[in-house]
Amino acid sequence: MPNEWAKSVLSEIENISKERIDEVIREFMKDYKEGLLETKDWPTRVSGYTVAKAALNAYTRMLAKKFPGSCVNCICPGYVKTDINHNTGILSIDDGAENPARLALLPDNGPSGLFFALNEVVPF
């Protein structure tokens, strides 16, 4: 996320709230409609996807903090061969399903508030 303001808001784990996440999305949408993505330092390639993914990751951390007895995580299964990408992915559907299934089966005291990509914890 090149936009430093959005990055800082979405990274404030202790102060993140639904309202703050919505504020970032509203600002992005305003700048998008006004053609200011590049000027305001938003992502210009797959910008909607990138901002939505960053907001979802922040929301995950917020929920994990709000419900400490639950296991709340994000996962990217990888580039899976599916209809949505015209089967150009590099992972089979079975390979892509393996990591989300593993995450769903974590024990009750498993990690929470994290982002997993291909079974690895990665920074937001």
Side-chain angles (χ1 to χ4, degrees):
M1 174 76 67
N3 182 297
E4 288 299 324
W5 169 78
K7 187 187 303 184
S8 70
V9 169
L10 297 176
S11 297
E12 293 176 13
I13 295 172
E14 294 304 315
N15 298 317
I16 198 69
S17 67
K18 182 181 178 307
E19 292 75 23
R20 294 288 284 161
I21 296 168
D22 289 346
E23 181 183 356
V24 170
I25 294 170
R26 278 193 306 274
E27 190 67 22
F28 167 76
M29 291 301 297
K30 178 179 137 316
D31 292 344
Y32 177 84
K33 289 175 184 174
E34 294 175 5
L36 298 173
L37 293 186
E38 192 170 346
T39 304
K40 298 282 187 92
D41 218 13
W42 291 103
T44 54
R45 190 167 106 68
V46 292
S47 56
Y49 175 84
T50 303
V51 173
K53 188 72 161 180
L56 179 62
N57 289 343
Y59 194 69
T60 296
R61 291 191 310 277
M62 183 196 76
L63 288 176
K65 184 179 172 194
K66 185 174 180 177
F67 301 105
S70 297
C71 186
V72 183
N73 293 296
C74 290
I75 186 153
C76 173
Y79 193 45
V80 180
K81 294 177 186 176
T82 63
D83 291 346
I84 199 167
N85 63 25
H86 305 287
N87 294 303
T88 60
I90 58 172
L91 298 174
S92 71
I93 291 172
D94 288 343
D95 290 338
E98 184 178 320
N99 292 316
R102 184 180 298 117
L103 196 57
L105 297 172
L106 284 172
D108 289 342
N109 61 348
S112 190
L114 301 175
F115 175 51
F116 290 83
L118 297 175
N119 206 31
E120 299 285 326
V121 175
V122 293
F124 291 96

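Heads up: numbering here begins at 1 and tracks the sequence.
- If you take OG on Ser11 and CZ on Arg61, they are separated by 6.0 Å, rounding to the nearest 0.5 Å.
- The distance from atom CZ of Phe28 to atom OG of Ser47, rounded to the nearest 0.5 Å, is 4.0 Å.
- Residues Phe116 and Asn73 meet the side-chain proximity criterion, which asks for heavy atoms closer than 4.5 Å.
- With sequence neighbours left out, Lys18 forms a salt bridge (charged side-chain N to carboxylate O under 4.0 Å, His left out) with Asp22.
- Residues Tyr49 and Val24 do not share a hydrophobic cluster, defined by chaining ILVMFWY side chains whose heavy atoms lie under 4.5 Å apart.
- Looking at heavy atoms from C-beta onward, Ser70 lies out of side-chain contact with Ser112 at the 4.5 angstrom threshold.
- The aromatic ring centres of Tyr32 and Trp42 sit 6.0 Å or more apart.
- Heavy-atom neighbours of Ile84 CD1 from other residues, nucleotides or ligands within 6.0 Å: at or below the threshold of 12.
- With no hydrogens or angles considered, a side-chain donor-acceptor pair links Asp95 and Ser92 at under 3.5 Å.
- Of all heavy-atom pairs between Met1 and Ala54, the closest is CE-CB, 3.6 Å.
- Atom CG of Leu114 is separated from atom SG of Cys74 by 9.5 Å, given to the nearest 0.5 angstrom.
- Between the CD1 atom of Ile16 and the CD1 atom of Ile21 there is a distance of 4.5 Å, given to the nearest 0.5 Å.
- Transitive grouping of hydrophobic side chains (ILVMFWY, heavy atoms separated by less than 4.5 Å) brings Ile25 and Leu37 into a common cluster.
- For the residue pair Arg20 and Asn15, no side-chain donor N or O sits within less than 3.5 Å of a side-chain acceptor on the partner.
- Counting only heavy atoms from C-beta outward, the side chains of Glu98 and Asp94 never approach each other to under 4.5 Å.
- Under the 4.5 Å side-chain heavy-atom criterion for grouping Ile, Leu, Val, Met, Phe, Trp and Tyr, Val51 is not connected to Leu56 through any hydrophobic cluster.
- With sequence neighbours left out, Leu36 forms a side chain to side chain contact (heavy atoms under 4.5 Å, CB included) with Asp31, Glu34, Thr39, Lys40.
- Heavy-atom contacts from other residues, nucleotides or ligands closer than 6.0 Å to CG of Asn85 number more than 12.
- Among all heavy-atom pairs drawn from Thr50 and Pro43, the shortest one is CG2-CG, 3.7 Å.
- Here Thr88 contributes atom OG1 and Lys81 contributes atom NZ; the two are 9.5 Å apart, rounded to the nearest 0.5 Å.
- Judged by distance alone, with hydrogens and angles left aside, the side-chain atoms of Asn99 form no donor-acceptor pair with the main-chain N or O of Ile75 at under 3.5 Å.
- Residues Pro100 and Pro77 approach most closely at CG-CB, 4.1 Å, considering heavy atoms.
- Annotation: side chain of Arg102 is in contact with side chain of Asn119 (closest heavy-atom distance under 4.5 Å).
- With hydrogens and angles ignored, the 3.5 Å screen pairs no side-chain donor or acceptor of Asp83 with any backbone N or O of His86.
- Surrounding CD of Glu38 are at most 12 heavy atoms belonging to other residues, nucleotides or ligands under 6.0 Å away.
- When all heavy atoms of Val80 and Gly96 are compared, the closest pair comes out as CG2-CA, 3.5 Å.
- In terms of heavy-atom proximity, Lys53 sits nearest to Cys76 at NZ-CB, 4.4 Å.
- Under the 4.5 Å side-chain contact rule for hydrophobic residues, Ile13 and Val72 do not share a cluster.
- Atoms CG and SG, on Leu63 and Cys71 in that order, are 12.0 Å from each other to the nearest 0.5 Å.
- Following chains of ILVMFWY side-chain contacts shorter than 4.5 Å, one cannot reach Tyr79 starting from Leu103, and the two form parts of different hydrophobic clusters.
- In this structure Glu14 satisfies the salt bridge (charged side-chain N to carboxylate O under 4.0 Å, His left out) test together with Lys65, sequence neighbours excluded.
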Full working for salt bridge (charged side-chain N to carboxylate O under 4.0 Å, His left out) between Lys30 and Glu27: CA-CA 5 Å; Lys30 178 179 137 316; Glu27 190 67 22; 3.7 Å; yes
